[in-house]
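Right, one structure below, let's go through it.
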Amino acid sequence: MQRALLPRLCQRALRLCRGGLRFRCSRGAEQGAPRGRDPPASLPPSAGAERGSRTGRELRRAQQDSPRAGGGKGLERKALSLERTKGSEILFGVAPCGLALARARRALFRLFLKEPRGGPGRPVRAELALQAAARGVPVLHVPGRALDALCRGRPHQGVCLEAAPLPFRSLRHAEEPGRGESAGRQRLWLVLERIQDPMNMGALLRSAYFLGVHRVLATRSNSCPLTPTVSKASSGAMEVLDVYSTDDLQGFLKAKSAEGWEVVGTASRPEDVEGVPVISCSEFRWDKPLILVIGSEGEGLSLETQLQCQRMLAIPPGRALHPGIDSLNVSVAAGILLHSICSQKRRQGD
């Protein structure tokens with residue numbers, strides 16, 4: 001019986017030795033041999049050792065997932081890595097990118113378009129590519145996942161544009177009449193105090209542009225900067241409209257009032273306003289250059305700014321309101337007030 005067991009023990013020992021040699025060879029290939037090559041043909045791995053060695057399986061899995069191992073996943077991650085120009089930002093969406101290219105108010109670096117696969121957006125992207133080429137802006141066609149990474153998952157519509165940030169304009173240039181304006185023409189400025197939500201900021205700029213506001217002024221220290229999210233929320237109006245900033249809002253309003261401008265604030269709760277008359281927006285008559293001042297959605301205008309206003313406008317509700325829903329979104333309120341004012345300008349034929 002002992003003699004019958006010897007061949008079996010020898011066979012088992014031989015299998016263990018082969019498994020050990022295969023593992024040592026694989027580890028040596030991982031450390032010193034060129035990546036991505038098969039083990040030497042003289043040392044074929046044993047099927048039993050391949051199934052039974054947990055360490056071997058983990059090693060092979062690490063090799064397959066490694067970016068340097070020549071696997072498809074590693075190459076894909078490397079291909080999707082797009083280095084940015086220092087200090088640049090990524091605009092996203094057809095309207096912001098298209099208007100940024102058309103106006104060229106900022107430095108433009110690269111246009112990223114989703115790889116063409118047909119669909120309704122292809123002619124628009126082709127037009128943007130031609131527009132970028134005309135301005136000397138390089139055009140790169142990349143996978144959709146690369147665009148998702150560039151704009152951090154925001155809705156890009158297959159288009160991203162790398163550009164320099166768009167700063168606020170200096171207030172010293174705001175007095176110069178724009179194209180088609182004259183010094184005696186009725187003018188309307190929108191002043192924003194403490195608007196920090198980029199979606200609200202973008203919606204305000206879009207309404208201001210649509211309804212004919214000549215200038216927009218924001219407080220520099222406590223307002224949202226002109227970010228790509230603001231441009232997207234404005235549907236690209238930020239790329240067209242002049243947006244200025246000031247560090248001394250009260251001083252600016254005082255100076256404009258002395259020049260003959262009417263400064264009008266806004267109030268969501270008229271009962272909270274003291275020292276300044278409050279009227280319904282439907283009662284307001286526009287007969288001189290006007291500055292409309294909008295405050296933040298939560299806090300409204302600061303007391304210092306309220307005291308610089310000659311009147312405050314309120315939007316009368318259409319029903320008795322429950323507490324907590326007794327006010328409007330700031331961009332919606334601004335749209336109603338601006339329409340109420342600008343409709344008078346159309347009626348007067350100015």
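What you are looking at is a predicted structure, and each value in this text was computed from that prediction instead of being measured.
Side-chain N or O atoms of Arg215 include none that pairs as donor or acceptor with a backbone N or O of Leu188 at under 3.5 Å. Checked by atom type and distance alone, the side chain of Arg135 never pairs as donor or acceptor with a backbone atom of Ala132 at under 3.5 Å. Put simply, the side chain of Ser88 gets close to the backbone of Thr85: a donor and an acceptor are under 3.5 Å apart. Distance alone, capped at 3.5 Å, is enough to place a donor-acceptor pair between the Ser223 side chain and the Thr219 backbone. Remark: the backbone N or O of Gly300 is not paired with any side-chain donor or acceptor of Ser268 at under 3.5 angstrom. Panel note: side chain Glu193, backbone Ser302; a donor-acceptor pair is recorded below 3.5 Å. In terms of modelled atom types and a separation under 3.5 Å, the side chain of Gln310 and the main chain of Val263 share a donor-acceptor contact. One N or O on the side chain of Gln344 and one on the backbone of Trp286 form a donor-acceptor pair closer than 3.5 Å. With hydrogens and angles disregarded, no donor-acceptor distance shorter than 3.5 Å links the side chain of Ser340 to the backbone of Ile336. Checking side-chain atoms of Arg206 against main-chain N and O of Phe210 turns up no donor-acceptor pair under 3.5 Å.
Residues Ala129 and Leu113 approach most closely at CB-CD1, 3.8 Å, considering heavy atoms. Arg84 and Leu150 get closest at one heavy-atom pair: CD-CD2, 4.4 Å. Nearest heavy atom pair, residue Leu338 against residue Ala208, reads CD1-CA, 4.2 Å. What you find for Pro165 and Gly87 is that their closest heavy atoms are CD-O, 3.2 Å. Nearest approach of Met238 to Leu166, heavy atoms of both residues: O-CD2, 3.7 Å. Heavy atoms only, all atoms of each residue included: Leu171 and Ser245 are closest at CB-O, 3.8 Å.
In terms of hydrophobic clustering, with Ile, Leu, Val, Met, Phe, Trp and Tyr side chains grouped at heavy-atom distances under 4.5 Å, Phe92 and Phe112 are assigned to different clusters. A chain of hydrophobic side-chain contacts below 4.5 Å, direct or via other Ile, Leu, Val, Met, Phe, Trp or Tyr residues, connects Leu205 to Val240. Hydrophobic clustering, with ILVMFWY side chains joined whenever heavy atoms are under 4.5 angstrom apart, groups Tyr209 together with Val213. Linking ILVMFWY residues whenever their side-chain heavy atoms come closer than 4.5 Å, directly or via other members, leaves Leu108 and Leu130 in distinct clusters. Both Leu211 and Leu241 are members of a single hydrophobic cluster when ILVMFWY side chains are connected at heavy-atom separations under 4.5 Å.
Among residue pairs with one or both ends in residues 89-113, those qualifying as salt bridge (Lys or Arg N to Asp or Glu O under 4.0 Å) are Glu89-Arg106, Arg105-Asp242, Arg106-Glu239, Arg110-Glu162; sequence neighbours excluded.
Rounded to the nearest 0.5 Å, atoms SG (Cys97) and CD (Gln131) are 10.5 Å apart. Rounded to the nearest 0.5 angstrom, Cys309 SG and Glu262 CD are separated by 10.0 Å. Rounding to the nearest 0.5 Å gives a distance of 9.0 Å between CG of Leu91 and CG of Leu101. Atoms NE2 and CZ, from His322 and Arg319 in turn, are 8.0 Å apart once rounded to the nearest 0.5 Å. Taking CG from Leu226 and OG from Ser231, the interatomic distance works out to 9.0 Å, rounded to the nearest 0.5 Å. Atom NE2 of residue His141 and atom CG of residue Leu147 lie 11.0 Å apart, to the nearest 0.5 angstrom.
Side-chain atoms of Ile90 and Leu161, non-hydrogen and from C-beta on, never get closer than 4.5 Å to each other. Counting only heavy atoms from C-beta outward, the side chains of Thr229 and Arg154 approach each other to under 4.5 Å. Looking at heavy atoms from C-beta onward, Leu313 lies in side-chain contact with Ile341 at the 4.5 angstrom threshold. Within the 4.5 Å cutoff, the side chain of Ile195 has heavy atoms near those of the Leu204 side chain. With contacts defined as side-chain heavy-atom distances shorter than 4.5 Å, the pair Leu301/Met312 qualifies. Counting only heavy atoms from C-beta outward, the side chains of Ile279 and Phe284 approach each other to under 4.5 Å. By the 4.5 Å heavy-atom criterion applied to side chains, Met201 and Leu192 are counted as neighbours. Residues Ile291 and Val264 have side chains not in contact (no heavy-atom distance under 4.5 Å, counting atoms from C-beta outward).
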*Go through Phe252 and Trp261 one step at a time and tell me if the ring pair (Phe, Tyr, Trp, His ring centres under 6.0 Å) criterion holds.*
CA-CA 11 Å; Phe252 168 78; Trp261 289 63; 8.2 Å; no
*Just do the side-chain hydrogen bond (donor to acceptor under 3.5 Å, both in side chains) check on Lys256 and Gln308 with the steps written out, would you?*
CA-CA 10 Å; Lys256 298 302 287 184; Gln308 297 299 327; over 6 Å; no
*For the pair Gln196 and Asn222, evaluate side-chain contact (heavy atoms from CB on, under 4.5 Å) and give the outcome as yes or no after the intermediate values.*
CA-CA 7 Å; Gln196 299 178 350; Asn222 53 18; 4.1 Å; yes
_Assess the residue pair Leu190 and Ile294 against the criterion (side-chain contact (heavy atoms from CB on, under 4.5 Å)); give the C-alpha distance rounded to whole Å, side-chain angles, the decisive distance to 0.1 Å, and a yes or no._
CA-CA 7 Å; Leu190 177 65; Ile294 303 286; 3.5 Å; yes
*Give the intermediate values and the outcome of side-chain contact (heavy atoms from CB on, under 4.5 Å) for residues Val159 and Leu111.*
CA-CA 8 Å; Val159 181; Leu111 177 66; 3.9 Å; yes
*Decide yes or no on side-chain hydrogen bond (donor to acceptor under 3.5 Å, both in side chains) for Thr305 and Gln250, but give the supporting numbers first.*
CA-CA 6 Å; Thr305 298; Gln250 288 76 40; 2.7 Å; yes
*Given side-chain hydrogen bond (donor to acceptor under 3.5 Å, both in side chains), test Asp248 with Thr246 step by step and report yes or no.*
CA-CA 5 Å; Asp248 183 14; Thr246 180; over 6 Å; no
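Asn200 and Glu297 share a side-chain donor-acceptor pair at under 3.5 Å.
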